[in-house]
2 protein chains.
Amino acid sequence: MDSSAALRIFREHLKRYVDFNEAEWILFSQHLNFAKLKKKHYFAESGKVCNKVGFIVKGSVRYFHIKDGEDITGYFSFENEFLSSYKSYLTGVPGHVYVQALEDSLLITFTRKDMDEMLNDPMLAYKMERFGRLIAEHYLICYEDRVTAFVTQTPEERYLELLNTGREILQRMPQHYIANYLGITPVSLSRIRKRILETVK
Amino acid sequence: MDSSAALRIFREHLKRYVDFNEAEWILFSQHLNFAKLKKKHYFAESGKVCNKVGFIVKGSVRYFHIKDGEDITGYFSFENEFLSSYKSYLTGVPGHVYVQALEDSLLITFTRKDMDEMLNDPMLAYKMERFGRLIAEHYLICYEDRVTAFVTQTPEERYLELLNTGREILQRMPQHYIANYLGITPVSLSRIRKRILETVK
DNA sequence: CTAAAACGTTAACAAAAGATAAGAATTTGG
DNA sequence: CCAAATTCTTATCTTTTGTTAACGTTTTAG
């Protein structure tokens, strides 16, 4: 895929959030970069400031933390989703999360510096504030739902819900990552799956 | 407390996010309402669309879900924080959460309709987009941290962290609400507390 | 192609959490 | 002021999860 095809995909996706006119789009796209992220390479690392946001044109990433020497997967992103170590990007403080490509991926990125320039450019400021608001609101809802699931559901219920709504995760992610994502160990998820199979029988 | 004192507090708090000039502030404040919410009364209810956001000048609220006839507390808000059934407010769809005053509370509120008017008013649009963006980013970070805690920490670790960072919750909320907030039962939290006390000895 | 790594299941045991109930202490709401 | 409700702890029992290790299968990387 070439850059212009990637740009088209990105622009199409952004229509959900903001409608840039031609002049605005030209200004905006001047601040965009294209990046290939090879499998297992990092978009963000714990202990480092993440100064950019990416949009996944092709590929996928996982977010993970390292605790007691073990890595624990907390989230995934796929095509047409954004990725960043958001807290670090937003606050400028080093993050605690690793964001790693799960396959060779194609990204469109912009830096915090570019975003600040756009937020300060009278030609773009309004649209960029709006863009930022709608993206943040979108992910706020995602995280709110996830917290609710942890508070109100058992691991088994969370897995059953994933069976209904998380096709992409189920199809594309190994089971031990999914277990972490659900807040349990891989062994425990294996048992839950067995339990469900026996109940269905 | 009278309305103008409440307004001053609100304006002071908003400076963290947006700096309104006098003309903007006059326009903005025309869209604000003052509301007293008596203890145990609801700001939002499951099954209903929540069409407003509030700012707590005085008081506190808890968010809870009802599952199998039991209520499960998921979150709290105190003075100088916003409250809403955000997903419902943002999407216009009925929410699944109850937001209830824990004490007689004083709120400043605005409706979704008012916010939309402001977002469409050329005099205010830019500042309101910015306001919305920064608020959403703030709560996005809160929820991201919370999800990370559920994925990477045990209930005991989450409680120990609350001991370090959650003074307000610990001091103002009964223990069984805190247990729910941590994703466990009240009985389990009581045991964790006992375990910690015995370890310290 | 092949050795190494990664993945998923299962087993056995320990640790933790859920469910239920009882009882004491505290708070509450007329 | 007082009865009722709430809150917290504790005990008992059951269920679930964590931990560790083993094993076969699949995937990966050189």
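All values below come from the heavy atoms of this structure, side chains included, with hydrogens, waters and symmetry mates left out. Being a predicted model, the structure only gives us computed values, none of them experimental. Letters go in sequence order (proteins before strands), and every chain restarts at 1.
- Of all non-hydrogen atoms in Ala6(A) and Leu106(A), the two that sit nearest each other are CB-CD2, 4.3 Å.
- Inter-residue side-chain proximity for Ser46(A) and Val97(A) is flagged as unmet; no heavy-atom pair is nearer than 4.5 Å.
- Judged by distance alone, the side chain of Asn120(B) and the main-chain N or O of Asp116(B) form a donor-acceptor pair under 3.5 Å.
- Proximity of residues 147-166 of chain B to DNA chain D (heavy atom under 4.0 angstrom from any strand atom) is not detected for any residue.
- As rounded to whole Å, 16 Å separates atom C1' of dT20(D) from atom CG of Asp68(A).
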Pair up each side-chain donor or acceptor in residues 68-75 of chain B with any protein partner under 3.5 Å, not counting sequence neighbours, and list the distances.
unit_1   : atom_1 : unit_2   : atom_2 : d
Asp71(B) : OD1    : Arg62(B) : NH1    : 2.8
Asp71(B) : OD1    : Arg62(B) : NH2    : 3.3
Thr73(B) : OG1    : Arg62(B) : NH1    : 2.7

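- By the salt bridge (charged side-chain N to carboxylate O under 4.0 Å, His left out) test, Arg191(B) is found to be paired with no residue, residues two or more places apart in sequence or in another chain being considered.
- Under a cutoff of 6.0 Å and an axis angle of 45°, Lys52(A) and Phe43(A) form a cation-pi pair.
- With sequence neighbours left out, Thr165(A) forms a side chain to side chain contact (heavy atoms under 4.5 Å, CB included) with Glu161(A).
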Nucleotide by nucleotide, nucleotides 22-30 of chain D touches protein heavy atoms under 4.0 Å in the pattern (B base, S sugar-phosphate only, - none) ------S--
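- If you walk DNA chain C from 5' to 3' and mark each nucleotide with an atom closer than 4.0 Å to a heavy atom of chain A, the marks span dC7(C) to dA12(C).
- Taking Ser60(B) as the reference, Phe78(B), Leu102(B), Glu103(B), Arg172(B), Met173(B) meet the side chain to side chain contact (heavy atoms under 4.5 Å, CB included) condition, with sequence neighbours excluded.
- Contacts of residues 175-191 of chain B with DNA chain D (heavy atom under 4.0 Å): Gln175(B), His176(B), Val187(B), Ser190(B), Arg191(B).
- Residue Ile192(B) contributes atom CD1, which lies 16 Å from atom P of dT17(D) at whole-angstrom precision.
- Under the rule for a ring pair (Phe, Tyr, Trp, His ring centres under 6.0 Å), the partners of Tyr181(A) that lie at least two apart in sequence or sit in another chain are Phe76(A).
- Using five terminal pairs a side, the axes of the helix from dC1(C)-dG30(D) to dG30(C)-dC1(D) at its two ends make an angle of 70°, given in steps of 10 degrees.
- For the OP1/OP2 pair of dT9(D) and a distance below 4.0 Å, the side-chain nitrogens and oxygens of Arg195(B) include no atom meeting the criterion.
- Here the side chain of Ser88(A) pairs a donor or acceptor atom with the backbone of Cys50(A) at under 3.5 angstrom.
- Every residue two or more places apart in sequence or in another chain that forms a side chain to side chain contact (heavy atoms under 4.5 Å, CB included) with Pro94(B) is listed here: Val49(B).
- No side-chain donor from either of Asp145(A) and Thr148(A) sits under 3.5 Å from a side-chain acceptor of the other.
- Using a distance-only test at 3.5 Å, with no hydrogens or angles considered, a donor-acceptor pair links the side chain of Glu157(B) to the main chain of Thr154(B).
- Residue pairs meeting the salt bridge (Lys or Arg N to Asp or Glu O under 4.0 Å) criterion with at least one partner in residues 24-42 of chain A, sequence neighbours excluded, are Glu24(A)-Lys127(A).
- Following rounding to the nearest Å, Ile72(A) (CD1) and dT17(D) (C1') show an atom-to-atom distance of 15 Å.
- Rounded to whole angstrom, the span from the CG atom of Leu197(B) across to the C1' atom of dT9(D) amounts to 12 Å.
- In summary, the side chains of Tyr159(A) and Arg193(A) do present a donor paired with an acceptor at a separation below 3.5 Å, with no hydrogens or angles considered.
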